[in-house]
Amino acid sequence: MTNIATILHTMKTKTCAFSTILLAAALLLPSCSVKYDMVTFNATGIMPAATTPVPKIEIDTNVTAGMMGGRVKSNKPYDILASYSDENFASAEFTTVTVTYADGTIDPGVAALKLPMRFQYRVYESPNSMAGGVVVVTKSRIIQAEFPGTISRDEPFTILIEGKFTKDDGTIIPFKIREKYNLSRENRTESWVDFVSAC
């Protein structure tokens, strides 16, 4: 009987402790806040229609988020991402990647890249549910490239990227991208409840 009583007492103690933790979390979370400290880079103007294929460029500002209050923050240095999808393209080779700020300075992160850099296509599968419970899987080729640590300043800049695509039949298609990017900032604070409800 003593053992059973001890076990029951232990279970009751653990249940009470867990309940206390849940209650504390329920009371504290609404009072927590989330601070946003983020930057976003957007291409300025409208790119002219390309006469040849060019990769799509995105800037990854490496956003991290704290749990149960804290910060949603961009973290330097930032990365350049390039992608292109075509069923006949085997690879992309990048020979020039340059980030130039308004004062004429070229970002030193570019010097760390071992150019030229070559990226093979990857096959991605996208399942889609159809009528009658049938699942159709669509396969597509995507070439994805990443140039890490190439943007170290929170300032507008111009990207110059040059390279070439190689098709399955060996055809070479050169590309060149020169694009200006501006900067927007997000500095604000919101409650944890608002943060969770927006997820």
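Small disclaimer: the values here were computed from a predicted structure and weren't measured.
Here R71 contributes atom CZ and M38 contributes atom CE; the two are 12.5 Å apart, rounded to the nearest 0.5 Å. The distance from atom OH of Y36 to atom NZ of K73, rounded to the nearest 0.5 Å, is 15.0 Å. The structure places CG of N42 at 5.5 Å from CG of N182, a figure rounded to the nearest 0.5 Å. The structure places CG of L183 at 10.0 Å from OG1 of T61, a figure rounded to the nearest 0.5 Å. Note that the OG1 atom of T150 and the CD1 atom of I80 stand 3.5 Å from one another [nearest 0.5 Å].
Within the 4.5 Å cutoff, no side-chain heavy atoms of P77 are placed close to those of I151. By the 4.5 Å heavy-atom criterion applied to side chains, V137 and N128 are not counted as neighbours. For the pair I173/F89, a side-chain contact is recorded, criterion being any heavy-atom separation below 4.5 Å from C-beta on. By the 4.5 Å heavy-atom criterion applied to side chains, R122 and Q120 are not counted as neighbours.
At a cut-off of 3.5 Å, with distance as the only test, a side-chain donor of N75 or T64 sits close to an acceptor on the other residue.
Here D86 does not pair with R141 in a salt bridge; the nearest charged N to carboxylate O distance is not below 4.0 Å.
For residues 91-114, every residue pair satisfying the side chain to side chain donor-acceptor pair (under 3.5 Å) rule, not counting sequence neighbours, is listed here: S91-R118, T96-E162, Y101-D107, D103-T105, D103-R153, D107-S152.
Using a 4.5 Å cut-off between side-chain heavy atoms of Ile, Leu, Val, Met, Phe, Trp and Tyr, M130 falls into a hydrophobic cluster with V134, V136. Taking Ile, Leu, Val, Met, Phe, Trp and Tyr as hydrophobic and joining them when side-chain heavy atoms fall under 4.5 Å apart, one finds L81 isolated, its cluster having no other members. The hydrophobic cluster containing I172, built from Ile/Leu/Val/Met/Phe/Trp/Tyr side-chain heavy atoms closer than 4.5 Å, comprises no other residue.
Nearest approach of Y78 to N62, heavy atoms of both residues: CA-ND2, 3.8 Å. Across all non-hydrogen atoms, the minimal contact from T52 to P174 is OG1-O, 3.8 Å. Residues Y84 and P53 share a closest heavy-atom pair of OH-CB, 3.2 Å.
Of the possible donor and acceptor atoms, none in the side chain of D60 sits under 3.5 Å from a partner among the backbone N and O of D79.
Residues forming a side-chain contact (heavy atoms from CB on, under 4.5 Å) with K56 (at least two apart in sequence, or on another chain): E58, S83. Partners of K76 according to the salt bridge (Lys or Arg N to Asp or Glu O under 4.0 Å) rule, which considers only residues two or more places apart in sequence or in another chain, are D154. With sequence neighbours excluded, no residue forms a side-chain contact (heavy atoms from CB on, under 4.5 Å) with S126. Listed by chain and number, the residues in a ring pair (Phe, Tyr, Trp, His ring centres under 6.0 Å) with Y121 amount to none (sequence neighbours excluded). Under the ring pair (Phe, Tyr, Trp, His ring centres under 6.0 Å) criterion, F157 pairs with F41, Y181, not counting sequence neighbours. Taking A82 as the reference, P55, I57, F94, A145, F147 meet the side-chain contact (heavy atoms from CB on, under 4.5 Å) condition, with sequence neighbours excluded. In this structure, the side-chain contact (heavy atoms from CB on, under 4.5 Å) partners of I142, at least two apart in sequence or on a different chain, are S85, Y124, S140, Q144. Considering only residues two or more places apart in sequence or on other chains, T171 meets the side-chain hydrogen bond (donor to acceptor under 3.5 Å, both in side chains) condition with D169.
Under a hydrophobic-cluster definition in which Ile, Leu, Val, Met, Phe, Trp and Tyr are linked whenever side-chain heavy atoms come within less than 4.5 Å, directly or via other members, I161 and L113 are assigned to the same cluster. L160 and F165 fall into different hydrophobic clusters, where Ile, Leu, Val, Met, Phe, Trp and Tyr residues are linked whenever their side-chain heavy atoms come under 4.5 Å apart, directly or through other members.
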Verdict with reasoning, V72 to V63, per side-chain contact (heavy atoms from CB on, under 4.5 Å): CA-CA 7 Å; V72 179; V63 174; 3.7 Å; yes
Worked check of side-chain contact (heavy atoms from CB on, under 4.5 Å) between I59 and I159: CA-CA 11 Å; I59 309 303; I159 283 181; 3.8 Å; yes
